[in-house]
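Everything on this sheet refers to the single structure shown next.
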Amino acid sequence: MTKEQLFGQIQKKRSFLCVGLDSSLDKIPKHLLKYENPILEFNKQIIDATKDLCVAYKPNTAFYECYGKKGWETLIETWKYIPKDIFSIADAKRGDIGNTSAMYAETFFNEQSSEMSFDSVTVAPYMGSDSVMPFLTFKNKWVILLALTSNSGHADFQLQQIGEDKLFEKVLKTSQQWATDKQMMYVVGATRGAAFSDVRKLAPNHFLLVPGVGAQGGDLQEVCKYGLNSQCGLLINSSRGIIYAGQGEDFAEKAREEALKLQKEMEGILVGANLV
């Protein structure tokens, strides 16, 4: 999916919502355990209930890898079930020496070998350019680079001063030599708030994947105040706040209700910014 196509979906749906599929056996509604593949059934019902309200889905691969072969098959089948006009994110946070990263890229982008072809994958930048470049060799695929994350430990490294820049600023500056805003996005946590203005000074045109709205306490209005750009430029992720909104047989309806609340708020923001 190209940047223009993604913005087109945002305008069409009046939404920049990403639904995180962090699906776990111990958290999904108990009545689903009767199915042969409970997590896949859960994901399918969540997707059916929210696909007209969101522009992206983000399975966190750890929630599938932990179940071994069955989990990997569930990840593949979940990717297949995501409508192809919705942006798909493999939240894998990979990054290793070049030949290893090349294999990770094959894993998430090459359907012929892995049965999956996500639109994007999250990548850790710590090992530098040769750990990121193999992902960028795939046409119309995206690298979403970790920049300023929403977890409490982000300050251990990301805010450390490196010469004139903090480390996350160094990541933003250096990585833009590897790819343009048509192939690279950044992860910036919603709990960082006003730090979005610092990010936008260095990456004014890039899309930002923003976790932390909902269960982690991030504020959508504040994120948009500092982070919105002329093509929206934001994918706001909510995982637990949507997918675990209900625990009964109506869990998908409850998930839809929460997604709809966010979509309506996003619609107001887009209208106010003259983007729709």
Side-chain angles (χ1 to χ4, degrees), residues 1-18 54-56 58 85-91 95 118-125 128-129 132-133 135-150 158 164-213 218-237 266-276:
M1 184 178 292
T2 66
K3 186 179 182 182
E4 291 70 26
Q5 289 170 332
L6 178 56
F7 183 44
Q9 287 296 312
I10 289 170
Q11 291 178 307
K12 177 182 177 181
K13 293 184 175 178
R14 295 175 169 242
S15 171
F16 43 101
L17 175 62
C18 173
C54 68
V55 296
K58 182 179 73 65
D85 61 348
I86 296 181
F87 192 72
S88 58
I89 302 167
D91 189 5
F118 282 87
D119 292 305
S120 62
V121 62
T122 55
V123 176
S129 60
V132 177
M133 297 304 290
F135 297 96
L136 295 167
T137 62
F138 284 80
K139 185 178 180 181
N140 289 335
K141 300 296 185 182
W142 292 79
V143 163
I144 308 180
L145 212 62
L146 302 179
L148 188 60
T149 56
S150 58
Q158 295 166 25
E164 297 180 354
D165 300 315
K166 293 183 174 66
L167 181 57
F168 84 88
E169 294 172 325
K170 189 76 170 175
V171 168
L172 291 171
K173 287 182 178 180
T174 302
S175 61
Q176 288 181 59
Q177 301 170 30
W178 308 338
T180 71
D181 56 78
K182 294 183 181 297
Q183 202 178 10
M184 185 173 285
M185 303 185 188
Y186 296 104
V187 175
V188 181
T191 51
R192 303 281 71 86
F196 276 81
S197 61
D198 296 328
V199 172
R200 279 302 183 210
K201 289 173 186 175
L202 298 174
N205 300 316
H206 287 71
F207 263 89
L208 308 177
L209 174 63
V210 184
V213 167
D219 184 271
L220 177 60
Q221 294 291 335
E222 186 178 33
V223 168
C224 292
K225 176 181 177 182
Y226 297 106
L228 209 67
N229 67 17
S230 62
Q231 286 189 303
C232 181
L234 297 171
L235 293 175
I236 304 291
N237 181 77
M266 291 174 177
E267 181 177 26
I269 291 166
L270 291 169
V271 169
N274 295 314
L275 292 176
V276 293

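One is the number of the first residue; the rest follow in order along the sequence.
Around atom CD of Q221, more than 12 heavy atoms belonging to other residues, nucleotides or ligands sit under 6.0 Å away. K141 NZ: more than 12 foreign heavy atoms inside a 6.0 Å radius.
Here L235 contributes atom CG and I89 contributes atom CD1; the two are 5.5 Å apart, rounded to the nearest 0.5 Å. Atom CG of L145 is separated from atom CG of L208 by 12.0 Å, given to the nearest 0.5 angstrom. One finds the CG atom of L234 at 5.5 Å from the SG atom of C224 (value rounded to the nearest 0.5 Å). Annotation: the span from F196 atom CZ to E222 atom CD amounts to 9.0 Å, rounded to 0.5 Å. With rounding to the nearest 0.5 Å, the separation of CZ in F7 from CG in L275 is 5.0 Å. To the nearest 0.5 angstrom, L6 atom CG is 11.5 Å from I86 atom CD1.
Side-chain contact check for L270 versus C232: some heavy-atom pair is nearer than 4.5 Å. You'll find the side chain of Y226 stays beyond 4.5 Å of the side chain of R200, heavy atoms only. At a threshold of 4.5 Å between non-hydrogen side-chain atoms, the residues I236 and L220 count as touching. Side-chain contact between D119 and F87 is present, with at least one heavy-atom pair separated by less than 4.5 Å. Looking at M184 and L136, their side chains come closer than 4.5 Å, going by heavy atoms from C-beta outward. Under the 4.5 Å side-chain criterion, counting only non-hydrogen atoms from C-beta, D181 is in contact with K3. Using a 4.5 Å heavy-atom cutoff, the side chains of W142 and V121 are not in contact.
Electrostatic pairing of E4 and K182 counts as a salt bridge here, judged by a charged N lying under 4.0 Å from a carboxylate O.
With sequence neighbours excluded, the residues forming a side chain to side chain donor-acceptor pair (under 3.5 Å) with T2 are Q5, listed by chain and number. For T122, the side chain to side chain donor-acceptor pair (under 3.5 Å) criterion is met by D91, not counting sequence neighbours.
Looking only at distances, a side-chain donor or acceptor of Q158 sits under 3.5 Å from a matching main-chain atom of T149. In this structure, Q183 contributes its side chain and V143 its backbone to no donor-acceptor pair below 3.5 Å. S120 contributes a side-chain N or O that, together with a main-chain N or O of S88, makes up a donor-acceptor pair within less than 3.5 Å. Judged purely by atom type and a 3.5 angstrom limit, N229 uses its side chain to pair as donor or acceptor with the backbone of G233.
Looking at every heavy atom in both residues, E169 comes nearest to K166 through OE1-N, 2.8 Å. Scanning both residues, A147 and F168, for their nearest heavy atoms gives O-CB, 3.3 Å. Residue C54 comes nearest to K13 through the heavy atom pair O-NZ, 2.9 Å, listed as atom of the first residue, atom of the second, then distance. For the pair V171 and L146, the tightest heavy-atom approach, listed with the atom from each and the gap, is CG1-O, 3.9 Å.
For the side chain to side chain contact (heavy atoms under 4.5 Å, CB included) criterion with S15, the lone passing option out of M266, E267, Q9 is M266.
Taking the six-membered ring for Trp and thresholds of 30 and 60 degrees, H206 and Y186 have ring planes inclined between 30 and 60 degrees apart.
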Check the pair V123, I144 against side chain to side chain contact (heavy atoms under 4.5 Å, CB included), reporting the backbone distance first and the verdict last. CA-CA 6 Å; V123 176; I144 308 180; over 6 Å; no

